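The structure displayed is predicted, hence computed values, not measured ones. Note that ligands are numbered from 1 as they come in the structure, with each ligand's atoms numbered from 1 the same way.
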Amino acid sequence: MISTAGPPHTDDDWWRSAVVYQVYVRSFADSDGDGTGDLQGIRHRLPYLRDLGVDALWLTPFYTSPMVDGGYDVADYRDVDPMFGTLADFDAMITDAHALGLRIIIDLVPNHTSSAHRWFTAALATGPGSPERARYLFAEGQGAHGELPPNDWESIFGGPAWTRIADGQWYLHLFDPAQPDLNWRHPEVRAEFEDVLRFWLDRGVDGFRIDVAHGMIKADGLPDVGFSTITTGQRQVELLGKGRLPYFDQDEVHEIYRAWRPILDSYPGGRMAVAEAWAETPQRLARYIGPDELHQAFSFDFLDATWSADSFRKVIDTALAEATVVGAPTTWVLSNHDKQRHVTRYGDGAEGLRRARAASLLMLALPGCAYLYQGEELGLPEVLDLPDELRQDPAFLRTGESRDGCRVPIPWSGEVAPYGFGPAGSELSWLPAPTTWRALSVAAQTGVPGSTLELYRAALRIRHAHPALALDADGVTWLESGPGVLAFSRTAGDTTLTCVVNLSGAPVLIDGYGQPLVASDTLTGQGSGHLLPVDAAAWLERH
Ligand code: GLC
């Protein structure tokens, strides 16, 4: 038995066992028919999310932005981009969300601004050594005439992480050249983001998802990594989560969060922050979490687990053990806007969908908080065949890898694309949905027994109501099970809920765990037990 001891669950602790639904704003719901999702669109669809049974929404960036990186290039941190609406739309949306009992988490992008941000345009307009440049990471190049980048750092999106400007200096951008990295050793940068936090907390947001939370501090002297794609064929980014990079996970980054936490804590109602952080080990990742830093960090190891019992068991045990150390429950995630959807990761087609449904039941039975990505409740696969000319991910041009396939607008209803994404009669959507999505729309799945949407609804309903699942602090008890089968139970009082996942190649008999509550596939009775099909999961209850 591994225990994730924590304080008793209070309203301020809502995030500890919450189910958070990630809204990729551009692709969720379009209220004005321009083919782009917007805040009013979200507002109209809030009842759907309440009925689905989630506790909170995480909204990807909707700030003023040239949209070079889907809004992760912010030009004004205190305003809404006209393509998404207005601040008044935001206020109306959050008011309605709160009235429906849904909390709102927004994305904060502190590692870099857009190159269209007033600070960066001022930095370009002034010369080397100016106070305006000091807010970013400008440096002289190497070589006789400064014609080589200051060091060997590579952009996560491919190519060098430095761009040279007309006067000869270079600036750092760990992502696209349109996303210059801020200098977080500069007091004005720190003061600015503390103020931005307050701006949105004052507007009622319940939390922040911190983008590239491991990136803000760079090692002193900007030392070389020591290998590059050119010399080794291996991209530096492949070290993420495996080795140390001088531009990620530096110890000083924690000072920033220790300054932010008192700000969050000074507001009522349990305002929280979740880190998108990549660190060398689960131990280093855990350092982002705690009573004086952030509340959560995504467990990407869970997302990266392969379809095998050993793989899942290993990451679950490690994550639960770390949770015990830091006193905060784990933050599970299977899909997001940067990763291939889990239906496709697990094999695509019917097999991928079966496995994805089982993995979702596994995730939702674990102690801690779970993040869902819009469309996973519909069993959407990655769209692999988008025409290249429609792809917008800046990484695509530099690496050939594109995240657009998980960002295709949600199918809501109807017979023709974009399936109710916009208002009646609207034919526009910034990325086209495949014809197969007609059968996957919300309307097509609502009320249909066995549909993925109804599976999620049932699982979320049980998760909320069941005493053993509502707890965040009871750990899990692994049960003896055959090879390729995961089985664990959670107990509250005299009620035990058991989750069994069949990752073996043959149906397994499940006996003695009690009555099935929900299953990702059809169970058939056999004697006193049930047969759990291949690639399926079930929750069973015993008193
Ligand atoms: C994060 C976001 C990703 C974005 C990057 C740069 O990883 O999730 O979408 O491209 O940061 O801001």
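The list of side-chain hydrogen bond (donor to acceptor under 3.5 Å, both in side chains) pairs with a residue in residues 104-117, not counting sequence neighbours, reads W58-D107, Y72-D107, D107-R209, N111-D181, N111-K218, T113-Y136.
Checking side-chain atoms of D404 against main-chain N and O of Q392 turns up a donor-acceptor pair under 3.5 Å. Between the side chain of N336 and the backbone N or O of K339 there is at least one donor-acceptor pair closer than 3.5 Å. Side chain of R463 to backbone of L364: a donor-acceptor contact under 3.5 angstrom is found.
Sorted by chain and number, the heavy-atom contacts of ligand 1 below 4.0 Å come from D69, Y72, H112, F157, F175, Q179, R209, D211, V212, E276, H337, D338, R403, R407.
Checked against a 6.0 Å centroid threshold, the rings of F84 and F90 do not count as neighbours.
The aromatic rings of Y21 and Y48 stand perpendicular to each other, their planes meeting at an angle above 60°, with 30° marking the opposite boundary.
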